[in-house]
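So you know, we letter chains A, B, ... as the sequences are listed, proteins then strands, and number each from 1. Because only heavy atoms are used, hydrogens play no part in the values below, and waters and symmetry mates are left out as well, while side chains stay in.
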Amino acid sequence: MKAPLPRSFYTHHTVRVARALLGKILVHEGTSGRIVETEAYLGIDDGAAHSAHGLTERTRVIFGPPGHAYVYLIYGMYDCLNLVAEPDGVAGCVLIRALEPMDGLDQMRWRRPRVTRVEDLANGPGKLTRALGITLGHNGIDVTRGPITVHPAEKSAAFEIAVSHRIGITKSADLPLRFFIKGNRCVSVNVK
DNA sequence: AGTTCGATCGCCT
DNA sequence: GGCGATCGAACTG
């Protein structure tokens, strides 16, 4: 396993970070997966972003230093993982939407017992946090240190990046801010 | 203090 | 393809 991505990886425009995260490896306590789908949530001119209404207790992490985890509860029951981008003081984060499971398949199956196909273990933002054991308790942690970390791929594999509008939002719905590995079987939904 | 509604998922038809 | 679960943040008054 290579060293975690350094903070400088995250200190860029959110779109650049969202694209660069594709193909990287997300790790938590013996479970891991290849990131195959992301969405960018911008600090300005993005009504869908939680940071759109400014700095609050909830959005504090998004405005903070890059390379940290923003985890929030959606629909009262699912946890969603974001990685904070942009310099300290500037809002912007990347929602991790889908993983291709790699290590710790037994643990993932234990946490998601009704799933039969490997590609269904982590092909959604709520599914991947459940599969890897990521919860609200991880909000604000530094992913350059752990226990959640992100690593370069062991060997570089060529892939094509596809772009679409983001999934499940109503505000700023047409912005092309969803990025995924074209043709990957673990992408959450087929939307173009 | 009450209401609305969401960056989802899985079960039902 | 439709819908219920489940709860907290943000907004209304």
Side-chain angles (χ1 to χ4, degrees), chain A residues 10 13-19 21-22 26 31 33 35-64 66 68-86 90-101 108-141 143 148 150 162-181 185-192:
Chain A
Y10 303 94
H13 189 272
T14 308
V15 168
R16 173 173 165 180
V17 177
R19 298 179 68 105
L21 278 168
L22 293 175
L26 180 69
T31 57
I35 298 172
V36 299
E37 180 180 348
T38 62
E39 282 178 357
Y41 286 88
L42 310 181
I44 54 171
D45 296 330
D46 184 359
H50 291 170
S51 54
H53 301 293
L55 178 60
T56 65
E57 178 54 31
R58 182 198 199 192
T59 61
R60 177 177 50 82
V61 177
I62 308 173
F63 285 85
H68 287 251
Y70 167 55
V71 187
Y72 71 96
L73 181 69
I74 184 67
Y75 293 107
M77 48 187 115
Y78 299 105
D79 302 313
C80 290
L81 170 68
N82 296 255
L83 301 177
V84 176
E86 309 278 355
V90 180
C93 63
V94 177
L95 173 68
I96 309 301
R97 278 198 61 90
L99 302 177
E100 186 179 312
M108 294 191 204
R109 290 189 185 283
W110 170 258
R111 292 187 178 119
R112 290 176 48 72
R114 279 173 284 196
V115 173
T116 53
R117 295 152 46 198
V118 175
E119 54 266 41
D120 291 329
L121 283 170
N123 60 344
K127 299 178 188 179
L128 72 90
T129 54
R130 184 71 51 89
L132 268 63
I134 295 169
T135 67
L136 289 180
H138 294 105
N139 187 43
I141 71 155
V143 300
I148 299 167
V150 189
V163 183
S164 82
H165 64 82
R166 294 171 292 182
I167 305 301
I169 59 169
T170 54
K171 301 168 194 161
S172 304
D174 294 330
L175 299 179
L177 295 176
R178 172 177 177 249
F179 309 95
F180 56 100
I181 294 181
R185 71 190 201 288
C186 296
V187 165
S188 66
V189 283
N190 283 314
V191 174
K192 250 304 196 177

Visitor: Are more than 12 heavy atoms from other residues, nucleotides or ligands located less than 6.0 Å from atom CZ of A:R16?
Guide: no
Visitor: For A:K171 and for A:G126, locate the closest nucleotide of DNA chain B by heavy-atom distance; then report the residue assigned to the nucleotide nearer the 5' terminus.
Guide: A:K171
Visitor: What's the CD-C1' distance between A:E119 and B:dC9, to the nearest Å?
Guide: 17 Å
Visitor: Heavy atoms of chain A, cut-off under 4.0 Å: which first and last nucleotide of DNA chain C, 5' to 3', fall inside that, if you could look?
Guide: C:dA5 to C:dC11
Visitor: Taking the same atom, C1', in C:dG8 and in B:dG10, what whole-Å distance lies between them?
Guide: 22 Å
Visitor: A:L81 or A:V115: which one's nearest nucleotide on DNA chain B is closer to the 5' end?
Guide: A:L81
Visitor: To the nearest Å, give me how far apart OH (A:Y78) and P (B:dA7) are.
Guide: 16 Å
Visitor: Contact class for A:L95 (heavy atom, under 4.0 Å): base, sugar-phosphate, or nothing?
Guide: base
Visitor: Nearest 0.5 Å please: distance from the CD1 atom of A:I169 over to the OH atom of A:Y41.
Guide: 5.0 Å
Visitor: Given atom CZ of A:R112 and atom C1' of B:dG10, what is their separation to the nearest angstrom?
Guide: 9 Å
Visitor: Starting at atom CZ of A:R178, determine the distance to atom C1' of B:dA7, rounded to an integer number of angstrom.
Guide: 12 Å
Visitor: Given atom CD of A:E37 and atom P of B:dA7, what is their separation to the nearest angstrom?
Guide: 16 Å
Visitor: To the nearest 0.5 Å, what is the distance between CZ (A:R166) and CZ (A:F179)?
Guide: 9.5 Å
Visitor: Going from NE2 on A:H68 to CG on A:L83, what distance comes out if it is rounded to the nearest 0.5 angstrom?
Guide: 11.0 Å
Visitor: May I ask you to say what A:R58 touches in the nucleic acid, namely base, sugar-phosphate or nothing, with a heavy-atom cut-off under 4.0 Å?
Guide: sugar-phosphate
Visitor: Rounded to whole angstrom, note down the P distance from C:dG1 over to B:dA7.
Guide: 22 Å
Visitor: Under 4.0 Å, heavy atoms only, any strand: does A:H50 hit a base, just the sugar-phosphate, or nothing?
Guide: base
Visitor: Supply the atom-to-atom distance A:R112 CZ to A:R130 CZ, rounded to the nearest 0.5 angstrom.
Guide: 7.5 Å
Visitor: If C:dC3 has a Watson-Crick or G-U wobble mate with both distances under 3.5 Å, name it; if not, just say none.
Guide: B:dG10
Visitor: Output yes when at least one side-chain N/O atom of A:K127 is less than 4.0 Å from OP1 or OP2 of B:dG10, else no.
Guide: yes
Visitor: Roughly, in whole Å, what's the span from CD1 in A:I74 to C1' in B:dT4?
Guide: 14 Å
Visitor: Contact class for A:R130 vs. all strands (heavy atom < 4.0 Å): base, sugar-phosphate, or nothing?
Guide: nothing
Visitor: Starting at CD1 of A:I167 and ending at P of B:dT8, how long is that distance when rounded to a whole Å?
Guide: 8 Å
Visitor: Can you find a pair of side-chain heavy atoms, one from A:L132 and one from A:L81, that are under 4.5 Å apart?
Guide: no
Visitor: Can you tell me how far apart CD1 (A:I134) and OG1 (A:T31) are? Round to the nearest 0.5 Å.
Guide: 7.0 Å
Visitor: State the CD-CD1 distance between A:E100 and A:I35, to the nearest 0.5 angstrom.
Guide: 12.0 Å
Visitor: To the nearest Å, give me how far apart CZ (A:R97) and C1' (B:dT8) are.
Guide: 9 Å
